[in-house]
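Counting begins at 1 with the first residue of the sequence. Please read all numbers here as calculations on a predicted model, not as lab measurements. Note: hydrogens, waters and symmetry copies are ignored here, and every other heavy atom, side chains too, is used.
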Amino acid sequence: MTKRRTIPLLIILLAAAAALAFYCAAAGRTPDEVMNDGGETAAQALLNAEQMAESIRKAMEDGRCGEILLSDAGSTANCTGITVTEKQVEIASPGIYRLSGSLSNGQITVKCKGNVGLVLNGVSVTNADGPALYAEDAAHVQLWLTDGTENRLASGSPVDITGRSDDSGEEENGGAAVYAKDTLSVAGTGVLTVEGFLHNAVSTTDHAVILDGELRLTAVNNGIRGKESVTVRGGKISILSGNDGIHSVNGDQENNVTGAVSVTGGETIIRCYGDGIHAGKDLLVLDGTVNVTAGDTENITMNAGQPEGTQMPDGQQPPEGMQMPGGPRPPDGVQMPGAQQPPEGMQMPDGQQPPEGVQMPGAQQPPEDMQKPGGQQPPDAMMMPTGRNIAMEGNPNKTDDGVSRKGLKSGGTLEIRGGTVNVTSVDDCLHADDEVSVHGGELQLISADDGIHGTNRVTVTGGTVNIQQSYEGIEGHEITVSGGTVRVTADDDGFNANGGADMFSGFFRRESTAEEDVHPVLRISGGSVYVNAGGDGLDSNGDLLIQGGLVIADGPENDGNSALDSGSENGGIMAVEGGTVLAIGMSGMAESFGTESTQCSFIESFGTVFPAGTEIRIMNSDGKTLYEYTSVKSFNCVVFSSSDLHTGETVTLSVGEETAEVKLDSISNGKTGGFSVPGGFRNYPEDRR
């Protein structure tokens, strides 16, 4: 089949940056020439920001900074190109300026054609009616945070951030606290607190680049908005926002939405009432730590029976008081109206924690009995979730106001290649209108809807994905797992290859946004996959293909779903060609692999419903154990496939105190006690392998 291909954002950034670096070196540009550059792409903005930071560092060492002292009694400047009025300081010449002091209900304005470096050396500026810093006309403005200093820029009057702000219009008159009509970057090692009580905290109509520093941002709308792009290379960012945490969407041209977000390092912590990170076109996480809590997550709770002692990663318990009734609370160090501090124990900069009552089953080891012959354990990273699901009202638990409350959201592609991503969200944790791809990193996801949703495709080639709670775990038109470790706990389906639409599950084939009609397919060819599902374990409205890896599905405890389910009603097939598969559940709708398979399998059901904790063992005719496992939930049906199974042999299936002899007469063997039959009874097309 023909597929559209997109060039990863990382490759574009690196290629552009390398080309620009080569050009600068060849041209022999000086720091002063760098400070007068303009006309940037996202890659050029990042490179220019790095070069500007070096220029500022050098200028401070050489004492070549202009000095501006802010004061309500009258600001002063020792350099030309600065206009000082009673409440406003206007910078009209490119250069590097060091600012100190405070200004109440005033504004710093940048209005020149070149680049400007503002060294914040203990600055406090507030403006009740508009931006505290307004870059009206400049190629690139960089805020340099002096080591050991705390700085504050605020717009509007303190208000309680409850609900969601309207994201319409520009902020020029409404007033982001820091507003730039061109590229804006932040560097240095100091602290900057930005309070956007009128609209956004930090906003630019061009590119936003965070190199270093500690940012504490509060906004009634978006924390950081870069219309063309937002790049986080390093630093420590804490965001509390009434809408999106980081937002990059440029929809000026109809049906041509752009906007890119890349996170290549640092620590980003977001609590928001909208989306954690929203990119109009592409979103990349290459490294660093991203922690997001999106929406009123206090309603995401565990069902009864959560085992005691289940904890967050590294054994951290969620602090008391970290709840979001009526909206999120601020990160540590960001004050609410009347200087009210967040509840004691809500320490966000050192790691995002879930709301009170959400217990993450992190690092739980698989049962000791789950062994391969010779005591070999499944892969070390294959830690088993507890099998407890999210308690929700509705199907799924979405608000009725139409507000998107996703963790990481992209209008195009969402790619994770490394780093750590922790998301607790009311909506999807990871969402892309085209493709979500995971090639590395550590993901811990809790959602009241989908853990991962890629409208066209979801691809996992590496890393560790732990969907600890979800309504549906992984959803998309085409789902491919070829490596890594994937763990899914879902109230409904664990995996659902369904046509891609973000809507209710069902037997009907859904529409995809792909240019061509592509048959839905769920394909696992490598890695380790563990599913604990209340609905179907592995569900495809088209083909379900297992070609390698380790697949374990603790399926439904009801007869209305199946541990394995292909879309035979849509002409789909279910086939196994490699790997090890163990799927358990109830027999009422049970399916197994069809005759298109090239690896032997069997399905066997019992009249007894076995409780959770029952030992399952498969042995060959010589009494050698081929596989063993201890169930997480109750079941009466077992599907198994392995390269150790061969036609003509007889194997023994031992379940608790009962045993069954299974003669492997053909590729697909066994029987069920319910209504369904082995999945797929037609020729297996070459283009679907």
Legend entry - Listed partners of Phe606 passing ring pair (Phe, Tyr, Trp, His ring centres under 6.0 Å), at least two apart: Phe610
Legend entry - Results of side-chain contact (heavy atoms from CB on, under 4.5 Å) for Asp665 - residues two or more places apart only: Lys663, Asn669
Inset, instruction - Answer yes or no: is there a donor N or O on one side and an acceptor on the other, between the side chain of Ser447 and the main chain of Asp450, under 3.5 Å? - result: yes
Inset, instruction - Would you kindly say whether Gln468 and Thr489 are connected by a side-chain donor-acceptor distance under 3.5 Å? - result: no
Legend entry - Gln547 vs Arg523 side-chain heavy atoms within contact, under 4.5 Å: yes
Would you give me the side-chain donor-acceptor pairs under 3.5 Å for residues 645-656, sequence neighbours excluded?
{"from": "Thr652", "atom 1": "OG1", "to": "Glu661", "atom 2": "OE1", "distance (Å)": "3.1"}
{"from": "Thr652", "atom 1": "OG1", "to": "Glu661", "atom 2": "OE2", "distance (Å)": "3.1"}

Legend entry - Asp554 and Tyr629 side chains, donor-acceptor separation under 3.5 Å: yes
Legend entry - Note: Arg405-Asp275 ion pair, threshold 4.0 Å (strictly below): no
Inset, instruction - Report yes if some heavy atom in the side chain of Ile546 is under 4.5 Å from a heavy atom in the side chain of Gln599; otherwise report no. - result: no
Inset, instruction - Kindly indicate whether the side chain of Leu284, heavy atoms from C-beta on, has any atom under 4.5 Å from the side chain of Val263. - result: no
Legend entry - Note, Val488 side chain near Ile474 side chain (heavy atom, < 4.5 Å): yes
Legend entry - Nearest-0.5 Å distance, CD of residue Glu478 to OG1 of residue Thr455: 12.5 Å
Inset, instruction - Report yes or no: do Glu577 and Ser597 form a side-chain donor-acceptor pair below 3.5 Å? - result: no
Inset, instruction - Output the distance between atom OG (Ser425) and atom CG (Leu445), rounded to the nearest 0.5 Å. - result: 8.0 Å
Inset, instruction - Could you tell me the separation between the CD1 atom of Ile584 and the CG atom of Leu564, rounded to the nearest 0.5 Å? - result: 11.0 Å
Legend entry - Ser605 side chain to Asn636 side chain, donor-acceptor N/O pair below 3.5 angstrom: no
Inset, instruction - Would you please say whether a donor-acceptor pair under 3.5 Å links the side chains of Asn541 and Asn498? - result: no
Legend entry - Inter-residue atom distance Asp433.CG - Ser410.OG, 0.5 Å rounding: 7.0 Å
Legend entry - Shortest non-hydrogen separation from Ala583 to Ala563 and the atoms involved: CB-CB, 3.8 Å
Legend entry - NZ/NE/NH1/NH2 to OD/OE distance under 4.0 Å, Asp427 and Lys406: yes
Legend entry - Minimum heavy-atom distance between Val460 and Val486, given as atom pair plus value: CG1-CG2, 3.9 Å
Legend entry - Atom pair CG (Leu664) and SG (Cys600), whose distance is rounded to the nearest 0.5 Å: 4.5 Å
Legend entry - Sub-4.5 Å side-chain heavy-atom contact between Thr464 and Leu443: no
Inset, instruction - Walk me through it: do Asp282 and Thr413 pass the test side-chain hydrogen bond (donor to acceptor under 3.5 Å, both in side chains)? - result: CA-CA 5 Å; Asp282 296 299; Thr413 63; 2.6 Å; yes
Legend entry - Sequence-distant partners of Thr459, side-chain hydrogen bond (donor to acceptor under 3.5 Å, both in side chains), two or more places apart: Glu435
Legend entry - Val458 and Phe495, any side-chain heavy atoms less than 4.5 Å apart: no
Inset, instruction - With sequence neighbours excluded, tell me which residues meet side-chain hydrogen bond (donor to acceptor under 3.5 Å, both in side chains) with Thr461. - result: His439
Inset, instruction - Heavy atoms only: give me the nearest Ala533-Gly494 pair and the separation to one decimal. - result: CB-N, 3.7 Å
Inset, instruction - Go through the steps to decide whether Tyr530 and Leu550 satisfy the test side-chain contact (heavy atoms from CB on, under 4.5 Å), and finish with yes or no. - result: CA-CA 8 Å; Tyr530 178 84; Leu550 171 64; over 6 Å; no
Legend entry - Closest non-hydrogen atom pair, Ala294 against Gly276: CB-N, 4.3 Å
Inset, instruction - Could you grab the distance from atom CG of Leu522 to atom OG1 of Thr480, nearest 0.5 Å is fine? - result: 8.0 Å
Inset, instruction - Verify, without hydrogens or angle tests, whether Thr625 (side chain) and Tyr627 (backbone) share a donor-acceptor contact under 3.5 angstrom. - result: no
Legend entry - Nearest atoms (heavy-atom pairs only) where Ala432 meets Val436: CB-CG2, 3.6 Å
Inset, instruction - Tell me, please, which residues at least two apart from Asp536 pass salt bridge (charged side-chain N to carboxylate O under 4.0 Å, His left out). - result: none
Inset, instruction - Give the C-alpha distance, both sets of side-chain angles, the deciding distance and a yes or no for side-chain contact (heavy atoms from CB on, under 4.5 Å) between Leu408 and Val292. - result: CA-CA 8 Å; Leu408 275 60; Val292 173; 4.1 Å; yes
Legend entry - Close side-chain approach of Leu545 to Val521, heavy-atom, < 4.5 Å: yes
Legend entry - Main-chain N/O of Leu283 paired to Glu415 side chain as donor or acceptor, under 3.5 Å: no
Inset, instruction - Could you verify whether a donor N or O on one side chain and an acceptor N or O on the other, from Gln444 and Asn466, lie under 3.5 Å apart? - result: yes
Inset, instruction - Using atom types as modelled and distance alone, determine if a side-chain donor or acceptor of Ser631 lies under 3.5 Å from a backbone N or O of Gly613. - result: yes
Inset, instruction - State, to 0.1 Å, how close His431 and Leu414 come at their nearest heavy-atom pair, and which atoms those are. - result: O-CD1, 3.6 Å
Inset, instruction - Apply the side-chain hydrogen bond (donor to acceptor under 3.5 Å, both in side chains) test between His453 and each candidate in Glu472, Glu475, Lys409; give the one that qualifies. - result: Glu475
Inset, instruction - Check the pair Val421, Ile416 against side-chain contact (heavy atoms from CB on, under 4.5 Å), reporting the backbone distance first and the verdict last. - result: CA-CA 9 Å; Val421 177; Ile416 298 177; 4.2 Å; yes
Inset, instruction - Please name all residues satisfying side-chain hydrogen bond (donor to acceptor under 3.5 Å, both in side chains) with Asn558, sequence neighbours left out, ordered by chain then number. - result: Asn561
Legend entry - Glu658 vs Thr608, side-chain contact (heavy atoms from CB on, under 4.5 Å): CA-CA, chis, key distance, verdict: CA-CA 9 Å; Glu658 296 193 30; Thr608 301; 2.6 Å; yes
Legend entry - Heavy-atom side-chain proximity of Met574 to Glu591 below 4.5 angstrom: yes
Legend entry - Whether Ser668 side chain and Gly594 backbone form a donor-acceptor pair below 3.5 Å: yes
Legend entry - Contacts of type side-chain hydrogen bond (donor to acceptor under 3.5 Å, both in side chains), residue Glu557, not counting sequence neighbours: Ser634
